[in-house]
Trainee: 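One structure, as structure tokens, below. Some questions next.
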Amino acid sequence: MNEPLPEGGVIRKMWAVEASRYREHLLRLDPASRRNRFGGNVSDEFLANYAALTPSLDTVIHGFFVNGTMRGAAELRPIGSAIAREAEAAFSIEQPWQSHGVGSALLARTLLAARNRGITFLHMACLADNERMQQLARKFDAELRFDFGSIVGEVAAPHPTPLSVTREIVADSHGFATALLDVQSRLLRPA
Ligand SMILES: CC(C)(COP(=O)(O)OP(=O)(O)OC[C@H]1O[C@@H](n2cnc3c(N)ncnc32)[C@H](O)[C@@H]1OP(=O)(O)O)[C@@H](O)C(=O)NCCC(=O)NCCS
């Protein structure tokens, strides 16, 4: 599923050194989005600690960047033993960028990464009243089976194929070039 992103937006994997960008993104979430993302009200301090810790937890984070600023993120975190092949996925998009296809694009990239890691069950903790997240999951019901308690999805094609691995590498190589440009433009910015 390839939907156009809002103008100027790119999706790429986040680098571990970019934890501060993740923290700033999470702190910009409006109260309702913050509650939906974390299943309740959480403090700024909690978010700062969470953002600092997450990149060290074997988590794949795809970011949605606009002009170098992270405006959305998708986490894929393996849980339990490796044999269990389970992971948790979570999404956060800042309010002005919601309902513009960013969640769909991030979920597509997250499913590709899950598939290439042999993950067969994807848990999506989701509040019962979060209709948009449930609509989003339904769009992928060919690839994902889920029930709505907290949405638990099963990645339908768990085995990586040469094509799916290539797709992830190609996506990452574009992301790498974009990340370098972001860093370069920040270095060149007048003080
Ligand atoms: C939930 C969230 C990830 C969805 O991402 P998004 O970019 O807003 O969603 P998309 O634009 O890709 O839309 C996905 C589907 O949701 C539905 N949708 C979009 N806007 C909607 C709205 N305002 N109300 C209800 N459903 C809506 C549509 O079915 C849409 O698919 P379509 O455009 O093909 O019809 C995002 O809104 C978000 O981060 N919300 C706050 C945090 C959160 O709820 N996280 C999820 C818990 S892990």
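All ligand and atom numbering here is 1-based and tracks the order in the structure. The basis for the numbers below is simple: all heavy atoms, side chains too, and nothing from hydrogens, waters or symmetry mates.
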Trainee: Hey, does the side chain of E86 reach the backbone of I79 with a donor-acceptor pair shorter than 3.5 angstrom?
Mentor: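 Here the side-chain-to-backbone pair does not exist.
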Trainee: State whether the shortest distance between N or O atoms of H100 and N or O atoms of ligand 1 falls below 3.5 angstrom.
Mentor: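 Looking only at distances, the answer is yes, because the N/O contact criterion of under 3.5 Å is met.
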Trainee: With heavy atoms only and a cut-off of under 4.0 Å, state how Q98 meets ligand 1: side chain, backbone, both or neither.
Mentor: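 Looking at Q98 and ligand 1, atoms from backbone and side chain both fall under 4.0 Å.
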Trainee: Hey, looking at atom 24 (N) of ligand 1, which of R132, E94, R35 has the closest heavy atom?
Mentor: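 Result: the heavy atom closest to atom 24 (N) of ligand 1 is in R132.
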Trainee: May I ask you to test the N130-R132 pair for a side-chain heavy-atom distance under 4.5 Å?
Mentor: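 Yes, their side chains come closer than 4.5 Å.
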Trainee: Do the non-hydrogen side-chain atoms of S33 and Q98 ever get within less than 4.5 Å of each other?
Mentor: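 S33 vs Q98: side chains touch.
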Trainee: Side chains of T110 and V60: closer than 4.5 Å at any heavy-atom pair?
Mentor: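 Side chain of T110 against side chain of V60, heavy atoms only: no contact under 4.5 Å found.
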Trainee: Decide yes or no for L47 and R37: does some side-chain heavy atom of the first lie under 4.5 Å from some side-chain heavy atom of the second?
Mentor: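 L47 vs R37: side chains apart.
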Trainee: Under a 4.5 Å cut-off applied to non-hydrogen side-chain atoms, are R167 and N116 in contact?
Mentor: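 With C-beta onward as the side chain, the pair stays apart.
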Trainee: Quick check: G101 and ligand 1, any N/O pair under 3.5 Å apart?
Mentor: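 Looking only at distances, the answer is yes, because the N/O contact criterion of under 3.5 Å is met.
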Trainee: Polar contacts were defined as any N/O atom of the residue lying under 3.5 Å from an N/O atom of the ligand; does this apply to I93 and ligand 1?
Mentor: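 Yes, there is a polar N/O contact under 3.5 Å.
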Trainee: What part of N130, side chain from CB on, backbone N/CA/C/O, both or neither, has a heavy atom under 4.0 Å from ligand 1?
Mentor: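 It is the side chain that gets close, since no backbone atom is under 4.0 Å.
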Trainee: With atoms numbered from 1 as shown, which atoms in ligand 1 lie under 4.0 angstrom from a non-hydrogen atom of S92?
Mentor: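 Once the distances to S92 are compared, the set is 39 (O).
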Trainee: Are the side chains of F91 and M124 in touch, meaning some heavy atoms are under 4.5 Å apart?
Mentor: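 Sidechains of M124 and F91: in contact.
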Trainee: Using a 4.5 Å cut-off on heavy atoms from C-beta on, say whether the side chain of E88 contacts that of E75.
Mentor: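 Counting from C-beta outward, E75 and E88 never come under 4.5 Å.
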Trainee: Is M124 near ligand 1, meaning one of its heavy atoms is under 4.0 Å from it?
Mentor: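 No.
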Trainee: Between S104 and ligand 1, which residue portion shows a heavy-atom distance shorter than 4.0 Å: side chain, backbone, both, or neither?
Mentor: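 Both of them.
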Trainee: Any idea which of G103, A32, G39, S99 brings a heavy atom closest to atom 8 (O) of ligand 1?
Mentor: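 Residue with the shortest heavy-atom distance to the ligand atom: S99.
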Trainee: Is the closest N or O pair between S33 and ligand 1 shorter than 3.5 Å?
Mentor: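 N/O-N/O distance below 3.5 Å does not exist for this pair.
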